[in-house]
Number of protein chains: 2
Amino acid sequence: MDQVDRELLSALVSDGRATYQDLGAKVRLSPNTVAERVRRLQHNGVLTGFHAQVDLEALGRSLTLLCDISLREDVARGDFERGLSEVPQVISAFHLTGEYDYELRLACVGTDEFEDVIDVLKGTHGVRRLRSRLILREVRLSSDSLLRQPSKSSHRKR
Amino acid sequence: MDQVDRELLSALVSDGRATYQDLGAKVRLSPNTVAERVRRLQHNGVLTGFHAQVDLEALGRSLTLLCDISLREDVARGDFERGLSEVPQVISAFHLTGEYDYELRLACVGTDEFEDVIDVLKGTHGVRRLRSRLILREVRLSSDSLLRQPSKSSHRKR
DNA sequence: AATGAAAGCACACTGGT
DNA sequence: ACCAGTGTGCTTTCATT
């Protein structure tokens, strides 16, 4: 994991379909060598996959929300999480510390569909408490944060 | 946007480097036709990009958090959002309704770095209030939600 | 680890149904 | 809207350093 690897990761994050030639030109190595490095990054578990990004609005799911939820005491986390995959409006989910147990990201066609999702979560997935916030917009970040070498000793003096 | 397009989207979300041949085999069309459809989906803005996924833990950023923040009254949203790109620990950001203005996802090396990020956000980016929750785990969802045809009339009767 | 050569594939284009 | 053929460019394997 040297600086070159970080540059490759950064390039692949911004363009997941970049060819090994493109990448090679960027880091001044042969396409061949780049391919080897990328394979190694995948094998090491640093690169976990390549995914297309879909505009949910263009798909007619223009109502996106963050949904904080807590489970009933008698519900096992595993059951709940497996059940989540059955709710197609659930885009992602985090298990969290704090006041609520999970935060879900939802994408719905409209409020009617959202209302149905609430009922399903409460009715059949063991959700006890639920708080929702509308996502007005996702902020586009232009940071190459992967280029930074993390250093444990770089925090400020006290 | 027919059913075939939705299948292509779903396939490309799970494997963003799938070739047109792979996709063609899946939907029973020639690679050629698939390529045309994919290009059309990109041009229509449904497919917005392809991105590599990186394991933050493997990169040494094992402390990930959700950070709800509110801005000071005198801070313009545009300035704040542009400034966010300067903070490499910020992975994503949503503008939200509700008690807080934004929710950030952070990835830090450790608590020292996180402490620095808090200081920077409050000190130079106009953050007034801040509440953090630790991300214990991201739930792996196995739903092919894009395959579903959204239908505005499918909600329950009242 | 990195490179060059050559075989095997995938892709973009054209044209045709 | 879909497919076949063709030329070009990319990826992969192997040999070499």
Side-chain angles (χ1 to χ4, degrees), chain A residues 1-61 109 144-151, chain B residues 1-61 144-152:
Chain A
M1 266 297 301
D2 56 6
Q3 179 64 19
V4 172
D5 281 338
R6 266 185 293 278
E7 286 175 35
L8 292 176
L9 288 175
S10 176
L12 283 171
V13 167
S14 43
D15 178 9
R17 297 212 103 176
T19 68
Y20 296 131
Q21 302 215 115
D22 298 338
L23 299 171
K26 200 162 283 185
V27 301
R28 302 298 205 127
L29 285 173
S30 74
N32 213 327
T33 307
V34 169
E36 270 181 41
R37 279 175 176 264
V38 171
R39 274 190 288 269
R40 201 189 49 204
L41 288 168
Q42 287 180 289
H43 196 256
N44 292 349
V46 181
L47 256 175
T48 57
F50 295 89
H51 305 284
Q53 199 181 31
V54 171
D55 182 356
L56 294 166
E57 284 215 27
L59 273 178
R61 314 282 198 87
V109 171
D144 257 345
S145 69
L146 297 172
L147 283 176
R148 261 186 64 267
Q149 160 84 280
S151 53
Chain B
M1 267 296 300
D2 57 5
Q3 180 64 18
V4 172
D5 281 337
R6 267 184 291 278
E7 286 174 36
L8 292 176
L9 288 174
S10 176
L12 283 171
V13 167
S14 42
D15 178 9
R17 297 211 101 174
T19 67
Y20 297 132
Q21 307 212 65
D22 298 338
L23 299 171
K26 199 162 284 182
V27 302
R28 302 298 203 129
L29 284 174
S30 76
N32 214 327
T33 307
V34 169
E36 273 178 40
R37 279 176 176 264
V38 171
R39 274 191 287 268
R40 188 166 46 94
L41 288 167
Q42 286 180 291
H43 197 257
N44 292 348
V46 180
L47 256 174
T48 57
F50 295 89
H51 305 284
Q53 198 180 31
V54 171
D55 182 357
L56 294 166
E57 284 215 27
L59 272 178
R61 313 284 197 86
D144 256 347
S145 69
L146 296 172
L147 284 176
R148 259 186 67 266
Q149 161 83 279
S151 52
K152 292 191 181 177

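This structure is a prediction, so every number in the text was calculated from the model and none was measured. First the proteins, then the strands, lettered A, B, ... as listed; each starts at 1.
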[X] side, atom [atom1]; [Y] side, atom [atom2] - distance, nearest 0.5 Å:
X: A:F50; Y: A:D15; atom1: CZ; atom2: CG; value: 10.0 Å
X: A:L8; Y: A:Q3; atom1: CG; atom2: CD; value: 10.0 Å
X: B:L47; Y: B:Q42; atom1: CG; atom2: CD; value: 5.5 Å

Outer limits of DNA chain D sitting under 4.0 Å from a non-hydrogen atom of chain B, read 5' to 3', are D:dC2 to D:dG5

[X]: side-chain hydrogen bond (donor to acceptor under 3.5 Å, both in side chains) partners, not counting sequence neighbours:
X: A:D144; value: A:S10
X: A:Q53; value: B:T48, B:H51
X: B:S145; value: none
X: A:D22; value: A:T19

Which residues pass the side-chain contact (heavy atoms from CB on, under 4.5 Å) test with [X], sequence neighbours left out?
X: B:V13; value: A:A52, A:V54, B:L146
X: B:A58; value: A:V46, B:D55
X: A:S14; value: none

For A:R6 and A:R148, the nearest pair of non-hydrogen atoms, with its separation, is CD-O, 3.7 Å

Residues passing the salt bridge (Lys or Arg N to Asp or Glu O under 4.0 Å) test with A:R40, sequence neighbours excluded, are A:D5

Numerically ordered, the residues 33-51 of chain B set in heavy-atom contact under 4.0 Å with DNA chain D is B:T33, B:E36, B:R37

Here the residues of residues 18-29 of chain B within 4.0 Å heavy-atom distance, strictly under, of DNA chain D are B:L29

Note: chain A reaches DNA chain C at heavy-atom distances under 4.0 Å over the stretch, first to last nt, 5' to 3', of C:dA1 to C:dA5

